[in-house]
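Structure first, commentary second.
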Amino acid sequence: MADSPALARQLEEDLWVLDTLFQGEPGVIASYLLTGPAGPALVDVGSGASLETLLAAIRASGHDPAEVKHLLITHVHLDHAGAAGGLLPHMPQATVYVHRIGAPHLIDPSKLLKSAERIYGDQMETLWGHMEPVPAERLVILDDNSEVTVGERTFSALYTPGHAVHHVAFYDQRRAAIFTGDIAGVRLEGVDYVRPPTPPPDLDLEAWTASTERLDTLRARAFYLPHFGPVYNTADHMAQLRERLYAWGDLMRAGIRAGKNDHALAADLAMASDPDIAQMVVNRTPEAITSAVRRYEVASNYLMSAQGYMRYYTKLHPEALA
Ligand SMILES: [Zn+2]
């Protein structure tokens, strides 16, 4: 029997993980749906290309998209915020929350789209669909420790740069849980492997480390990852992420010093990392391993990661390349 992939999975009484089926792949880009007396809220909304799937996922959870009141955005990358503007006509009551530095890019996405075009070329439309602007009057600007009140629940926006300079994580103190955005990395379900998503232009290992250490001090019971799903071994998870951020950094620095280009550096990352992913697939059938390697690449590809490190070392640590 061919089951279609589940669009909505209930994690707690008032919390669902929604699968946007990015590029047809299950378990790569999530959105989280919270419900309560103040109306539903979403944390991150995925690509503009999967907007209809997200609406279907909300309905599959038993809720009406038109009732959604809050869109909490961890950062304005296209796989997290791409659908925000396009959703608003379907969600006439919704307010969008985003960090101050990211806000101008939601109001006018043209600069964001132009730099994405340089990377994705004619793949833009397929991957990201249309990124519609968010009217300024529907935005609430967040700073570090801004509180977002959703009904009886209060989230603290924790400014957490390193992956993106405008990144926040949303801390739900009552639940002892953090909606981490990408600062907690990529860990797909059924695999115990944490991949650092390290795209240009904002990668900053020192800032990233400080952000993860800040989250560590909260001793969260759960991380809710956009890529993908809940993580409960939060301390081990962060330790693995930090270790790999620096291990990749050493590998990339050596490659850059040897004069390798971004494609050669990406090949180095794949050679070093794919065997580790294969080792850490829980159900180690050949199909599961192939699928895991492919889906990690869809969630955060090696070429972009290599380019992130190139920019990081060139811009922030030229002495390390001397
Ligand atoms: Zn992401």
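Read the numbers this way: they start at 1 and go in the same order the structure lists the ligands and their atoms.
Between the OD2 atom of D79 and the OD2 atom of D182, the angle taken at the Zn ion (ligand 1) works out to 160° after rounding to 10°. The angle subtended at the Zn ion (ligand 1) by NE2 of H227 and NE2 of H80 is 100°, given to the nearest 10°.
None of the N, O or S atoms belonging to H75 lies under 2.8 Å away from the Zn ion (ligand 1). Using a cut-off of 2.8 Å, one finds that H163 contributes no N/O/S atom close to the Zn ion (ligand 1).
For the 3.5 Å distance criterion, the side chains of Y159 and H167 fail to qualify, holding no donor opposite an acceptor.
Remark: R153 engages D172 in a salt bridge, criterion side-chain N to carboxylate O under 4.0 Å.
Between H163 and H77, a ring centre-to-centre spacing shorter than 6.0 Å is recorded.
Relative to the ring axis of Y193, R244 places its NZ or CZ within 45° and under 6.0 Å from the centre.
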